[in-house]
Amino acid sequence: MNYLRGFIPWIALAVVSTLGWQWGALAGLVLGGAMLVRARKAGMAADALILECSTVAFFTALTIWAFARPDSMLKDYIGALALSWLAVTAWTTLAVGRPFTTGVARRQAPPEVWDTYVFKRINVVITRAWSTAFTLSAAAMVVVISAGLGMVAALAVQFAGFVLPALFTAWYPGWARSRLTPAAHRA
């Protein structure tokens, strides 16, 4: 579950925003910034930190806006906005051929598999799953907010937007390796 660490600022936004969206934005910025600094100090390459860099960019802008315009109507749609940003980040990494999950996976996989078809394919599929989950969750958040379904429904949508792709991410690599490796085709 190491890949979930990158989403801690986003989860903090959802939780801390119940106290005020400015504080959720600030919590996300502090956590995202700390994670990025820690990763860089640990020697991680910038291309392995796509999610962290995107997180800091989003939370910097959001924190400035939230404190400058605390009564902005944007505060009502912060969950949808956050999920939309994550969706755009994830889809963009696919479009440029550098799925954001690759950097996370490289932290856990040995270097000799990084250039294999199986490793690359697994990361494309997992990034698509996250991209789809973020997109659908963002749309669901707009519906929840527009229909006035309340905080519980909003938190449930955001929770599902992270948990479902996380469960898929935990399950899929093993399943895919068993079917995509040459040894599996000989059996």
Side-chain angles (χ1 to χ4, degrees), residues 1 3-40 46-96 98-101 103-104 126-169:
M1 295 295 235
Y3 49 87
L4 283 179
R5 274 192 231 142
F7 296 114
I8 290 172
W10 302 93
I11 295 166
L13 171 66
V15 174
V16 178
S17 285
T18 61
L19 304 173
W21 76 301
Q22 305 95 318
W23 304 113
L26 184 59
L29 177 59
V30 168
L31 288 169
M35 292 171 66
L36 181 59
V37 167
R38 183 175 169 216
R40 289 298 292 157
D47 69 338
L49 299 171
I50 294 168
L51 181 60
E52 290 84 348
C53 291
S54 176
T55 296
V56 170
F58 175 83
F59 282 111
T60 298
L62 182 65
T63 300
I64 291 168
W65 184 262
F67 279 99
R69 304 280 312 268
D71 293 330
S72 170
M73 290 188 60
L74 186 64
K75 71 180 175 185
D76 296 333
Y77 291 90
I78 195 63
L81 181 63
L83 288 161
S84 296
W85 181 273
L86 286 167
V88 167
T89 298
W91 288 116
T92 300
T93 66
L94 283 170
V96 300
R98 300 182 67 79
F100 83 91
T101 59
V104 177
I126 290 174
T127 299
R128 281 185 189 151
W130 282 100
S131 301
T132 301
F134 293 147
T135 302
L136 294 175
S137 297
M141 283 297 294
V142 171
V143 170
V144 165
I145 294 160
S146 298
L149 298 178
M151 184 65 66
V152 173
L155 288 173
V157 166
Q158 292 176 72
F159 182 77
F162 285 98
V163 171
L164 296 176
L167 292 172
F168 179 77
T169 300

To the nearest 0.5 Å, tell me how far [X] [atom1] sits from [Y] [atom2].
| X | Y | atom1 | atom2 | result |
| --- | --- | --- | --- | --- |
| Leu86 | Phe58 | CG | CZ | 7.5 Å |
| Ile8 | Leu13 | CD1 | CG | 14.0 Å |
| Leu29 | Thr63 | CG | OG1 | 4.5 Å |
| Ile50 | Thr55 | CD1 | OG1 | 11.5 Å |
| Arg69 | Lys75 | CZ | NZ | 11.5 Å |
| Leu26 | Ile64 | CG | CD1 | 11.5 Å |

_N/O donor-acceptor pair under 3.5 Å between Ser17 side chain and Ala14 backbone_ =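 No, because the side chain of Ser17 does not come within donor-acceptor range (under 3.5 Å) of the backbone of Ala14.
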*For Trp85 and Ser54, indicate whether the former's side chain and the latter's backbone hold a donor-acceptor pair under 3.5 Å.*
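Yes: the side chain of Trp85 pairs with the backbone of Ser54.
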*Measure the acute angle between the ring planes of Phe7 and Phe100, then classify it against the limits of 30° and 60° as parallel, tilted or perpendicular.*
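Rings of Phe7 and Phe100: perpendicular, as their planes differ by over 60°.
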_Aromatic plane relationship, Phe59 with Trp10 - under 30° parallel, 30 to 60° tilted, over 60° perpendicular_ =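 Trp10 vs Phe59 ring planes: tilted.
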Would you give me the side-chain donor-acceptor pairs under 3.5 Å for residues 132-145, sequence neighbours excluded?
from   : atom 1 : to     : atom 2 : distance (Å)
Thr132 : OG1    : Arg128 : O      : 2.9
Thr135 : OG1    : Trp91  : NE1    : 2.8
Thr135 : OG1    : Ser131 : O      : 2.8
Ser137 : OG     : Ala133 : O      : 2.8

*Where is the tightest heavy-atom contact between Thr92 and Val88, given as atom of each residue plus distance?*
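Nearest pair, atom of Thr92 first, then Val88: OG1-O, 2.6 Å.
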*Measure across Trp130 and Gly161 and return the closest heavy-atom pair with its distance rounded to 0.1 Å.*
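Distance-wise, the nearest heavy atoms are CZ3-O, 4.2 Å.
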*Classify the side-chain pair Trp21/Ser72 by whether it contains a donor and acceptor separated by less than 3.5 Å.*
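Trp21 vs Ser72: no donor-acceptor pair found between side chains.
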_If you count heavy atoms of other groups shown closer than 6.0 angstrom to CZ of Phe159, is the number above 12?_
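No, because the 6.0 Å sphere around CZ of Phe159 holds 12 heavy atoms or fewer from other groups.
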*Take Val104 and Leu51, measure what side-chain contact (heavy atoms from CB on, under 4.5 Å) needs, and give me the verdict at the end.*
CA-CA 9 Å; Val104 177; Leu51 181 60; 5.7 Å; no
*Where do Thr169 and Thr101 land on the side-chain contact (heavy atoms from CB on, under 4.5 Å) test, with the steps shown first?*
CA-CA 10 Å; Thr169 300; Thr101 59; 5.9 Å; no
